[in-house]
Engineer: 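Handing you this structure, nothing more for now.
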Amino acid sequence: MTRARILVATHSPHKLRELRELLHPARASLISLDDLGIVGDVAETGATFEANARLKARAYAARSGLPTIADDSGLEVDALDGGPGVRTRRYAGENATDPENNAKLLATLAGLAPEERGARYVCVLALALPAEPFARGDGPIVVARGTCRGRIAAAPRGTAGFGYDPIFEPAAEPPGGRTLGLYSAAEKHAISHRARAARRMAKRIAARGW
């Protein structure tokens with residue numbers, strides 16, 4: 001039997017790998033934008049993670065003709081009133097690297113005590129079907145959300161993961177404890193924002209027979 005294909009709306013091999021590990025649908029294969037030769041990005045004009053995830057899921061489902069899962073995720077820092085939020089990936093500039101974003105955040109929070117460095121990772125996954133009336137912008141979309149609470153470390157530690165993982169200490173760690181950059185993949189999948197959202201989304205996918 002031919003396996004169904006579900007498009008993951010990303011060019012990031014890190015994100016695709018994580019979602020394959022976390023969702024692992026029984027009767028479908030997860031493929032990326034690069035696998036389909038889809039270039040460019042959908043402008044993330046939403047004011048929230050959910051708005052951006054819905055926007056990307058609709059756009060790529062309509063473009064590909066495939067069920068599409070879009071992820072929008074990022075970091076909300078208490079001392080920054082929830083920033084960088086939807087600008088997490090572009091915090092240090094439109095084409096900023098992970099080390100540049102990390103360095104800017106550490107500099108911004110310099111001198112703050114551990115209890116003033118609270119933060120949380122947020123992930124919203126949106127699943128859109130190509131048959132829905134996307135042209136009107138009102139097609140039903142399945143959404144799953146996950147969060148991971150912690151704090152921003154005083155300095156980067158570890159090289160595992162990506163994004164802000166080397167400077168994010170999960171809440172279960174004491175100040176100065178391990179960052180997600182020091183966690184194994186299995187340890188991270190047990191608590192991460194994306195893993196929590198994916199576990200909820202996996203149930204929705206299974207319910208559709210994928």
Side-chain angles (χ1 to χ4, degrees), residues 8-12 14-16 18-19 22 33 40-60 68-128 137 141-156 161-171 173 175 179-181 183 188 191-201:
V8 178
T10 186
H11 293 287
S12 167
H14 300 293
K15 191 172 290 187
L16 178 65
E18 276 201 353
L19 286 175
L22 294 168
L33 296 172
D41 295 307
V42 173
E44 298 179 9
T45 56
T48 65
F49 296 121
E50 181 172 337
N52 282 329
R54 286 174 173 270
L55 187 158
K56 290 184 287 186
R58 280 197 178 103
Y60 285 119
T68 299
I69 294 175
D71 163 298
D72 203 59
S73 54
L75 189 67
E76 296 180 337
V77 180
D78 296 345
L80 302 182
D81 296 324
V86 294
R87 291 194 56 82
T88 292
R89 185 167 54 87
R90 305 179 298 279
Y91 183 50
E94 289 301 316
N95 299 306
T97 64
D98 290 346
E100 288 169 343
N101 284 328
N102 290 346
K104 179 178 179 178
L105 183 56
L106 290 176
T108 301
L109 301 182
L112 293 185
E115 61 270 19
E116 300 174 293
R117 303 172 75 91
R120 66 175 182 174
Y121 266 132
V122 179
C123 174
V124 175
L125 295 176
L127 170 64
I141 290 182
V142 175
V143 173
R145 180 184 177 92
T147 62
C148 178
R149 188 75 193 173
R151 74 187 71 82
I152 304 302
F162 58 97
Y164 295 79
D165 287 355
I167 62 171
F168 186 87
E169 297 173 356
E173 297 286 342
T179 66
L180 284 180
Y183 273 44
K188 181 179 177 181
I191 66 166
S192 81
H193 56 310
R194 188 167 289 112
R196 286 170 171 159
R199 281 193 285 271
R200 296 181 176 111
M201 182 60 75

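When reading the values below, keep in mind they use all heavy atoms of this one structure, side chains included, and skip hydrogens, waters and symmetry mates.
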Engineer: Give me the atom names and distance for the closest heavy-atom approach of S73 to C123.
Structural biologist: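 Distance-wise, the nearest heavy atoms are CB-CA, 3.8 Å.
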Engineer: Salt bridge check, E50 against R54: does any charged N sit closer than 4.0 Å to a carboxylate O?
Structural biologist: yes
Engineer: Tell me every residue that passes salt bridge (charged side-chain N to carboxylate O under 4.0 Å, His left out) with D72, counting only those two or more places apart in sequence or in another chain.
Structural biologist: K56
Engineer: Would you say H193 and R196 make side-chain contact, with heavy atoms under 4.5 Å?
Structural biologist: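 No - every pair of side-chain heavy atoms lies 4.5 Å or more apart.
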Engineer: In Å and rounded to the nearest 0.5 Å, what is the CE to CZ distance from M201 to R194?
Structural biologist: 12.5 Å
Engineer: How close do T88 and L75 get, heavy atom to heavy atom, and via which atoms?
Structural biologist: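 That closest heavy-atom pairing would be OG1-N, 2.8 Å.
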Engineer: Between L109 and A79, which heavy-atom pair has the shortest distance, and what is it?
Structural biologist: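 What the structure gives for the nearest pair is CD2-CB, 4.0 Å.
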Engineer: Let me confirm one number: the CD1-CG distance from I69 to L19, rounded to the nearest 0.5 Å.
Structural biologist: 7.0 Å
Engineer: Do I191 and P170 have side chains that get closer than 4.5 Å, going by heavy atoms?
Structural biologist: yes
Engineer: Find out whether D41 and H11 are in side-chain contact, i.e. whether some heavy atom of one side chain is under 4.5 Å from a heavy atom of the other.
Structural biologist: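 Yes, at least one pair of side-chain atoms sits under 4.5 Å.
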Engineer: Looking at R117 and E169, does any basic side-chain N land under 4.0 Å from a carboxylate oxygen?
Structural biologist: no
Engineer: Are any non-hydrogen side-chain atoms of Y91 and L80 less than 4.5 angstrom apart?
Structural biologist: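 Yes - at least one pair of side-chain heavy atoms lies under 4.5 Å apart.
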Engineer: Just so I know, are the side chains of S192 and L180 near enough to count as touching, which here means a heavy-atom distance under 4.5 Å?
Structural biologist: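 No, every pair of side-chain atoms sits at 4.5 Å or beyond.
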Engineer: Hey, could you give me the CG/CG distance between L16 and D71, rounded to the nearest 0.5 Å?
Structural biologist: 11.5 Å
Engineer: Which residues pass the side-chain contact (heavy atoms from CB on, under 4.5 Å) test with E76, sequence neighbours left out?
Structural biologist: F49, R120, V122
Engineer: Counting distance only, does the side-chain N/O of R151 pair as donor-acceptor with the main-chain N or O of E173 below 3.5 Å?
Structural biologist: yes
Engineer: Give me the atom names and distance for the closest heavy-atom approach of L22 to A198.
Structural biologist: CB-CB, 3.6 Å
Engineer: Please list, chain by chain and in numerical order, all residues satisfying salt bridge (charged side-chain N to carboxylate O under 4.0 Å, His left out) with D98, sequence neighbours excluded.
Structural biologist: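 None.
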Engineer: For Y121 and D165, work out which heavy atoms get closest and say how close.
Structural biologist: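 Looking at all heavy atoms of both residues, the closest pair is OH-OD1, 2.9 Å.
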Engineer: Taking the side chain as everything from C-beta on, heavy atoms only, tell me whether V124 gets closer than 4.5 Å to T48.
Structural biologist: no
Engineer: Nearest heavy-atom pair of V86 and R90: which atoms, and what distance?
Structural biologist: O-NH2, 3.4 Å
Engineer: What I'd like to find out is whether the side chain of P84 reaches to under 4.5 Å of the side chain of K104, using heavy atoms alone.
Structural biologist: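 No, side chains not in contact.
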Engineer: Would a 4.5 Å heavy-atom cut-off, applied to side chains only, mark V42 and L55 as touching?
Structural biologist: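 The answer is yes; the side chains approach within 4.5 Å.
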Engineer: In Å and rounded to the nearest 0.5 Å, what is the NZ to OG1 distance from K15 to T10?
Structural biologist: 5.0 Å
Engineer: Just verifying a value: how many Å separate F168 CZ and C148 SG, rounded to the nearest 0.5 Å?
Structural biologist: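 Result: 4.5 Å between the selected atoms.
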